[in-house]
Amino acid sequence: MTDPRILTVRPEPGDYAWTFGGAPPVARIAPGTVLDLYTEDCFAGRVRSEKDLVSEVCEFPFLNPQTGPFHIEGAEPGDTVAVHFVSIEPARDWAASTTVPLFGALTSTHTTASLQPPLPERVWIWQLDRARRTALFQAQDSDIEVALPLDPMHGTVGVAPAGLEVRSALVPDAHGGNMDTPEMRAGVTCYLGVNVEGALLSLGDGHARQGEGETCGVAVECAMNTVVVVELIKQVATPWPRLESDTHIISTGSARPLEDAFRISQLDLVQWLVRDYGFSAPDAYQFATQAVESPLANVCDTNYTCVAKLRKEWLPASETYRGVHARLRETSRALRG
């Protein structure tokens with residue numbers, strides 16, 4: 001096998017993108033390139049202790065810095081970019097989580113307004129043991145400590161949106177963005193529809209772990225060292241971000257209200273079954289209804305994100321996305337030795 005081209009990117013503080021679309025590419029890459037990346041946490045590394053309140057150390061809208069964008073040679077609207085996550089590893093031995101006033105699923109917000117006062121700001125610093133693969137929760141109001149398993153993921157992966165739009169890196173939509181799904185972990189391939197020439201791929205928002213729904217709006221936020229392989233699938237469209245693991249195919253949908261995000265993800269999964277697995281639409285609808293798993297990704301962002309996933313073992317033998325996931329898995333194994 002030919003050794004893949006490897007590009008290492010370690011951004012300086014002024015090198016990050018804060019939007020999808022509207023930012024010039026930091027590099028042009030050929031399909032098949034391996035990106036060895038450093039990504040900063042959503043606070044740009046400014047929340048480092050329990051005294052560092054987001055409202056005091058961060059400047060809105062400069063949250064959720066992205067490494068990129070990368071111009072993918074030959075990518076055109078109607079194509080699909082495949083991003084395979086070889087590894088996602090915490091870059092520090094600590095991570096931060098917070099409550100933020102007027103943000104989160106269990107508090108008053110700007111769009112769910114009430115007379116209740118905002119929740120107070122608090123910061124939790126999580127100690128990461130990368131050897132033992134644990135993240136230590138330490139309660140502030142008691143002596144409770146719980147070591148949870150590390151489950152590193154990227155909350156934000158996306159390309160430039162369609163229609164000349166520029167979207168904040170805090171927003172998930174059809175271009176990807178801040179979807180915050182724990183499914184975006186090592187070993188997974190993410191498929192993103194190309195909307196502009198070069199696609200303009202970016203990623204960031206590493207989480208050492210996150211529960212489904214990201215209820216308080218903030219995960220265990222962590223800088224990451226991440227390796228991905230980027231491939232291009234010509235003349236195959238992807239209307240909403242999709243993922244493929246060794247065991248599942250996974251559709252996403254982002255919108256408000258939450259039931260519309262659910263509908264988008266379910267419909268996208270049905271349409272995927274029709275396109276690549278030989279189902280009729282009514283049969284796909286019935287089959288998915290009885291077999292789908294529907295975890296929440298986030299219920300706190302500007303748009304909510306739902307996931308719809310199906311076990312491959314229950315599907316007819318068929319090749320999806322021209323077998324790219326299996327090929328990139330082989331590349332991943334070679335890179336990891």
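Model, not experiment: these values are computed from the prediction. Atom set for the values below is all heavy atoms of this structure, side chains included, hydrogens, waters and symmetry mates excluded.
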With a 4.0 Å cut-off on N to O distance, would you call Lys234 and Glu76 a salt bridge? yes
hydrophobic_cluster_shared for Ile144 and Leu148, side chain cutoff 4.5 Å: yes
In terms of side-chain heavy atoms, does Thr189 have a donor or acceptor partner in Arg242 at a distance below 3.5 Å? no
Are the side chain of Arg5 and the backbone N or O of Ile29 linked by a donor-acceptor pair below 3.5 Å? no
Return yes if a side-chain donor-acceptor contact under 3.5 Å exists between Ser114 and Ser108, otherwise no. yes
Do you reckon Val307 sits in the same ILVMFWY cluster as Val157, going by side-chain contacts under 4.5 Å, direct or chained? yes
Arg130 and Asp93: salt bridge (Lys or Arg N to Asp or Glu O under 4.0 Å), yes or no, with the steps? CA-CA 7 Å; Arg130 289 176 282 185; Asp93 60 6; 5.1 Å; no
Does any non-hydrogen side-chain atom of Asn303 lie less than 4.5 Å from one of Asn298? no
Can a donor-acceptor pair be found between the side chains of Thr252 and Asp268 at a distance below 3.5 Å? no
salt_bridge(Glu244, Lys312) N-O dist < 4.0 Å: yes
Is Phe137 reachable from Ile125 through a run of I, L, V, M, F, W or Y residues, each pair having side-chain heavy atoms under 4.5 Å apart? no
Please walk me through it: do Asn64 and Trp18 pass side chain to side chain contact (heavy atoms under 4.5 Å, CB included)? CA-CA 7 Å; Asn64 216 11; Trp18 305 93; 5.8 Å; no
Please test Val81 against Val230 for side chain to side chain contact (heavy atoms under 4.5 Å, CB included), starting from the C-alpha separation and ending with a verdict. CA-CA 7 Å; Val81 169; Val230 180; 4.0 Å; yes
Show the nearest heavy-atom pair for residues Pro90 and Leu150, with the distance to one decimal. CG-CD1, 4.4 Å
Distance-only polar pair, side chains of Asp173 and Ser254, donor-acceptor under 3.5 Å: no
Taking the side chain as every heavy atom from C-beta outward, state whether Leu102 and Val100 have any pair of such atoms under 4.5 Å apart. no
Nearest heavy-atom pair of Ala160 and Asn195: which atoms, and what distance? O-ND2, 2.9 Å
Testing Ile250, Leu269, Thr247 for side chain to side chain contact (heavy atoms under 4.5 Å, CB included) with Leu310, which one passes? Leu269
Could you tell me whether the side chain of Val9 reaches within less than 4.5 Å of the side chain of Phe70, counting heavy atoms only? yes
CZ of Arg256: more than 12 outside heavy atoms within 6.0 angstrom? yes
Just checking, any donor-acceptor pair under 3.5 angstrom between side chains of Arg336 and Ser332? yes
Determine whether a donor-acceptor pair (N or O, by modelled atom type, separation under 3.5 Å) exists between the side chain of Arg10 and the backbone of Asp36. yes
Residue pair Leu170 / Asn178: nearest heavy atoms and the distance that separates them: O-ND2, 3.2 Å
Between His248 and Glu183, do the side chains contain a donor N or O and an acceptor N or O under 3.5 Å apart? no
Side-chain (Gln210) to main-chain (Gly155) donor-acceptor, under 3.5 angstrom: no
Can any side-chain N or O of Thr109 pair as donor or acceptor with the backbone N or O of Thr112 at less than 3.5 Å? yes
Search all heavy atoms of Ser87 against all heavy atoms of Ala186 and return the closest pair with its distance. CA-CB, 4.1 Å
Looking only at the aromatic ring of each residue, does the gap between the centers of His325 and His84 stay below 6.0 angstrom? yes
Are Tyr285 and Leu267 in one and the same hydrophobic cluster, where Ile, Leu, Val, Met, Phe, Trp and Tyr link if side-chain heavy atoms are under 4.5 Å apart? no
I'd like to know whether Asp41 forms a salt bridge (Lys or Arg N to Asp or Glu O under 4.0 Å) with Arg48, so could you lay out the CA-CA distance, the side-chain angles of the two residues, the decisive distance to 0.1 Å, and finally the verdict. CA-CA 11 Å; Asp41 67 35; Arg48 306 178 70 90; over 6 Å; no
Which heavy atom of Trp314 sits nearest a heavy atom of Ala291, and at what distance? CZ3-O, 3.7 Å
Check the angle between the aromatic planes of His175 and Phe20 and answer parallel, tilted or perpendicular using the 30° and 60° thresholds. tilted
Taking atom CD as the centre, does Gln290 end up with more than 12 heavy-atom neighbours from other residues, nucleotides or ligands that are less than 6.0 angstrom away? yes
Other residues, nucleotides, ligands: >12 heavy atoms within 6.0 Å of Glu259 CD: yes
Testing Arg209, Arg133, Arg185 one by one against Asp151 for a salt bridge (Lys or Arg N to Asp or Glu O under 4.0 Å), which residue passes? Arg185
Going by heavy atoms in the side chains, are Phe85 and Thr226 under 4.5 Å from each other? yes
Given side chain to side chain donor-acceptor pair (under 3.5 Å), test Thr320 with Asp276 step by step and report yes or no. CA-CA 6 Å; Thr320 188; Asp276 290 354; 2.7 Å; yes
Nearest heavy-atom approach of Trp240 to Ala174 is CZ3-N, 3.4 Å
Give a yes or no on whether Val228 and Tyr191 share a hydrophobic cluster (residues Ile, Leu, Val, Met, Phe, Trp, Tyr; joining criterion: side-chain heavy atoms under 4.5 Å apart). no
Would you call Glu330 and Arg327 a salt bridge, using N to O less than 4.0 angstrom? no
Does Glu293 reach the main-chain N or O of Lys309 with its side chain, forming a donor-acceptor pair under 3.5 Å? no
Among Leu201, Thr80, Asp79, Thr238, whose side chain to side chain contact (heavy atoms under 4.5 Å, CB included) with Leu192 holds? Leu201
Do Ser55 and Glu121 pair up side chain to side chain, a donor and an acceptor below 3.5 Å, judged on atom types alone? yes
If you draw a 6.0 Å radius around CZ in Phe262, do more than 12 non-hydrogen atoms from other residues or ligands fall strictly inside? no
Is the closest side-chain heavy-atom distance between Thr99 and Val218 below 4.5 Å? no
Hey, is Arg46 close enough to Asp52 for a salt bridge, meaning N to O under 4.0 Å? no
Check step by step if side chain to side chain contact (heavy atoms under 4.5 Å, CB included) holds for Val274 and Gln271. CA-CA 5 Å; Val274 171; Gln271 292 174 335; 5.5 Å; no
Establish, from distance only, whether the side-chain atoms of Glu221 and Ser97 form a donor-acceptor pair under 3.5 Å. no
Side chain to side chain contact (heavy atoms under 4.5 Å, CB included) between Arg122 and Asp141, intermediate numbers included: CA-CA 12 Å; Arg122 299 181 77 168; Asp141 301 324; 3.0 Å; yes
Do Val227 and Leu35 have side chains that approach each other closer than 4.5 Å (heavy atoms only, starting at C-beta)? no
Are any non-hydrogen side-chain atoms of Leu273 and Phe287 less than 4.5 angstrom apart? yes
Stepwise side chain to side chain donor-acceptor pair (under 3.5 Å) test for Gln266 and Ser294: CA-CA 8 Å; Gln266 299 287 321; Ser294 304; 2.9 Å; yes
Determine, for Glu56 against Lys51, whether the closest basic-nitrogen to carboxylate-oxygen distance falls under 4.0 angstrom. no
A cation-pi test, strictly: NZ or CZ of Arg92 under 6.0 Å from the centre of the six-membered ring of Tyr38 and no more than 45 degrees from its axis. Yes or no? no
Between Thr39 and His154, is any pair of side-chain heavy atoms under 4.5 Å apart? yes
